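Taking it in order: structure first as structure tokens, then the write-up.
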There are 2 protein chains.
Amino acid sequence: MTEPAARRPVASRPRTRRGQDTREGILRAAEAVIGELGFAAASIADITRRAGIAQGTFYIYFQSKDEVFRELVIEMGKLTRAFLAEAVADAPDRLTAERRGLRAFLGFVGTRPTLYNIVMEARFVAPDAYRQYYTTFARGYGQNLAAAVREGEIREGDAEIRAWALMGMAITLGERFGIWEGEADLDRIVEEVFDMLERGLRP
Amino acid sequence: MTEPAARRPVASRPRTRRGQDTREGILRAAEAVIGELGFAAASIADITRRAGIAQGTFYIYFQSKDEVFRELVIEMGKLTRAFLAEAVADAPDRLTAERRGLRAFLGFVGTRPTLYNIVMEARFVAPDAYRQYYTTFARGYGQNLAAAVREGEIREGDAEIRAWALMGMAITLGERFGIWEGEADLDRIVEEVFDMLERGLRP
DNA sequence: CTGACACATGAATCAGTCGTCATATTGAAA
DNA sequence: TTTCAATATGACGACTGATTCATGTGTCAG
């Protein structure tokens with residue numbers, strides 16, 4: 001684990017349909033098992049058992065537990081971004097887009113606590129993938145905000161800082177009201193938050 | 001780990017000065033080692049080596065690795081709260097207090113990435129301690145905001161939702177600008193954020 | 001001073017996992 | 001139908017690391 005990545009034969013991409021399916025099966029099993037038990041507690045045996053394959057088969061497609069995990073994190077990122085892009089697609093202006101984005105995100109995490117767990121644990125298991133996850137998000141977010149400032153839709157201000165601040169809100173609200181508390185009124189939460197964000201806290 | 005907490009002889013509190021010192025030493029060593037390597041990678045041997053004691057001694061004071069970790073998380077919570085309370089003590093009004101609190105927090109995490117790591121990892125190792133950490137924070141936060149609304153210092157609004165939203169901002173900004181980027185201008189960040197929070201995003 | 005309890009030791013136990021490998025099986029191209 | 005690269009198997013070796021325990025040593029109340 002601390003070793004400098006011994007030169008093991010690179011697990012090659014599958015060349016047949018059968019291989020592709022198996023690889024995909026491992027990925028899905030890993031998502032379920034790691035999302036539920038956490039990375040440390042999930043064993044390769046757990047994953048292969050769930051995928052319905054032999055332990056050795058795992059190593060045909062991945063070099064290590066870390067490697068599946070990395071791939072999973074990257075996958076989650078794409079998934080979340082696609083989901084949000086879709087949710088926000090035809091918003092008339094930036095503030096509406098932000099509002100819809102937050103609402104969609106809060107719903108999203110509630111239905112996929114597993115994915116949320118994986119991303120969070122990446123902080124320890126695959127720090128670079130973790131950073132990339134948020135950095136990629138923040139970049140897109142920042143560009144949108146900057147554009148909105150140019151359009152005069154929102155007040156002048158540092159887009160990057162705002163992006164990270166807003167992201168942070170979403171993450172924590174998602175955990176508190178999307179995951180911990182099942183029956184939260186997500187619409188009301190979004191309203192409250194955007195009341196604060198749009199008009200400010202001053203009396 | 002999944003087992004229903006086997007009934008092991010409860011590791012009693014030390015009865016002598018010597019014992020207290022040893023226990024404290026274990027706690028400090030655990031903080032350093034776990035904070036650096038992460039919970040999974042940190043072994044009891046690492047901890048006892050760092051504390052300068054034999055492996056067996058560990059089990060005189062703690063029942064398991066999990067147990068030290070829990071205690072560490074709780075300790076971190078008290079520490080952070082005390083630090084913030086101090087930083088905010090004589091603020092003239094709530095918005096100023098929030099501003100100072102955020103500024104202090106951003107500085108705090110930069111100097112103690114170790115503590116931050118521990119709290120984050122608690123999400124997986126000791127979920128209830130993790131929740132309690134944030135819930136305790138949010139409660140205090142919420143009470144302050146509610147009081148400020150009553151005083152007319154900030155606009156009407158749901159204190160709990162606001163508390164979690166603001167906490168989330170602080171957490172993510174702390175990670176991005178306090179830990180990842182060493183030389184960020186924290187004062188400017190606080191200004192940007194509070195410009196948004198106080199006046200809102202609308203043009 | 002001394003008995004008794006608190007504390008300390010570290011080798012041994014024990015449970016578990018990762019990753020390998022020698023041996024099948026599959027399926028599609030020739 | 002044959003053939004062989006790709007894929008699959010699962011038992012096993014090697015190792016890691018948490019926890020225990022039988023055996024000491026320190027400390028302090030009386």
Side-chain angles (χ1 to χ4, degrees), chain A residues 1-30 33-34 37-70 125-126, chain B residues 1-30 33-34 36-72 124-126:
Chain A
M1 188 159 254
T2 314
E3 291 309 309
R7 195 169 297 100
R8 223 174 301 157
V10 174
S12 55
R13 298 259 143 186
R15 291 178 207 293
T16 71
R17 180 60 202 271
R18 186 182 172 218
Q20 279 168 33
D21 289 349
T22 304
R23 190 173 195 282
E24 186 61 23
I26 294 174
L27 233 21
R28 297 285 68 78
V33 172
I34 295 179
L37 271 47
F39 181 82
S43 69
I44 303 285
D46 288 332
I47 295 172
T48 54
R49 194 178 313 121
R50 175 128 188 173
I53 59 173
Q55 287 213 61
T57 306
F58 179 92
Y59 292 93
I60 294 173
Y61 299 100
F62 298 96
Q63 310 211 53
S64 63
K65 207 165 82 168
D66 278 64
E67 201 186 271
V68 232
F69 187 76
R70 296 186 74 74
V125 182
Chain B
M1 187 160 256
T2 313
E3 294 305 310
R7 196 170 296 100
R8 222 174 303 157
V10 174
S12 54
R13 297 259 145 187
R15 290 177 208 293
T16 70
R17 181 59 202 271
R18 186 182 171 215
Q20 280 168 33
D21 289 348
T22 304
R23 190 173 196 282
E24 186 61 21
I26 294 173
L27 233 21
R28 296 285 67 81
V33 173
I34 295 179
E36 214 168 294
L37 272 47
F39 181 82
S43 69
I44 300 287
D46 289 331
I47 295 172
T48 54
R49 193 177 313 121
R50 175 132 187 170
I53 58 173
Q55 288 217 94
T57 305
F58 177 92
Y59 291 91
I60 294 172
Y61 300 99
F62 299 95
Q63 309 211 55
S64 64
K65 205 165 89 168
D66 278 64
E67 202 186 88
V68 231
F69 188 75
R70 295 185 75 74
E71 187 151 336
L72 232 35
F124 303 95
V125 182

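Numbers restart at 1 for each chain; the letters A, B, ... are given by sequence-line order, proteins then strands. Every value quoted in this text rests on a predicted model; they were computed, and no experiment measured them.
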- Message: Both B/G56 and B/G19 contact DNA chain C. Which one's nearest nucleotide lies toward the 5' end?
- Response: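 The residue whose closest nucleotide sits nearer the 5' end is B/G19.
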With nearest nucleotide decided by heavy atoms, which residue, A/A42 or A/T57, maps closer to the 5′ end of DNA chain C?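 In this pair, the answer is A/A42.
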**Asked** Does any N or O in the side chain of B/Q20 come within less than 3.5 Å of the main-chain N or O of B/P14, such that one atom is a donor and the other an acceptor?
**Response**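 Between the backbone of B/P14 and the side chain of B/Q20 there is no qualifying donor-acceptor contact (under 3.5 Å).
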**OP:** Give the C-alpha distance, both sets of side-chain angles, the deciding distance and a yes or no for side-chain contact (heavy atoms from CB on, under 4.5 Å) between B/I44 and B/Y59.
**Re:** CA-CA 10 Å; B/I44 300 287; B/Y59 291 91; 3.7 Å; yes
Whole-Å distance separating the [atom1] atom of [X] from the [atom2] atom of [N]:
X: A/F62; N: D/dT7; atom1: CZ; atom2: P; answer: 13 Å
X: B/Y61; N: D/dT20; atom1: OH; atom2: C1'; answer: 17 Å
X: B/I60; N: D/dG24; atom1: CD1; atom2: C1'; answer: 12 Å
X: B/D21; N: D/dG26; atom1: CG; atom2: P; answer: 16 Å
X: B/R17; N: C/dA8; atom1: CZ; atom2: P; answer: 13 Å
X: B/F39; N: D/dG17; atom1: CZ; atom2: C1'; answer: 12 Å
X: A/I47; N: C/dG19; atom1: CD1; atom2: C1'; answer: 14 Å
X: A/R15; N: D/dA5; atom1: CZ; atom2: C1'; answer: 9 Å

Would you indicate which nucleotide in [options] comes nearest to any side-chain atom of [X]?
X: A/Q55; options: D/dT7, D/dG17, C/dG19; result: C/dG19
X: A/A54; options: D/dA8, D/dG10, C/dT20; result: D/dG10
X: A/R18; options: C/dC7, C/dT26, C/dC18; result: C/dT26

Presence of [X] side-chain N/O under 4.0 Å of [N] phosphate oxygens OP1/OP2:
X: B/T16; N: C/dC7; value: yes
X: A/T22; N: D/dA8; value: yes
X: A/Y59; N: C/dC21; value: no

>> On DNA chain D, compare the nucleotides closest to B/F58 and A/I53; which residue's is nearer the 5' end?
In response: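 This one resolves to A/I53.
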Dump the intermediate steps for side-chain contact (heavy atoms from CB on, under 4.5 Å) on A/D66 and A/F39, then the final yes or no.
CA-CA 9 Å; A/D66 278 64; A/F39 181 82; 3.7 Å; yes
Notebook entry, point to check: Are A/R18 and A/D21 close enough for a salt bridge, meaning some N to O gap below 4.0 Å?
Noted result: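 No salt bridge links A/R18 with A/D21.
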Problem - Residue pair A/R50, A/I26: steps toward the side-chain contact (heavy atoms from CB on, under 4.5 Å) verdict - result: CA-CA 8 Å; A/R50 175 128 188 173; A/I26 294 174; over 6 Å; no
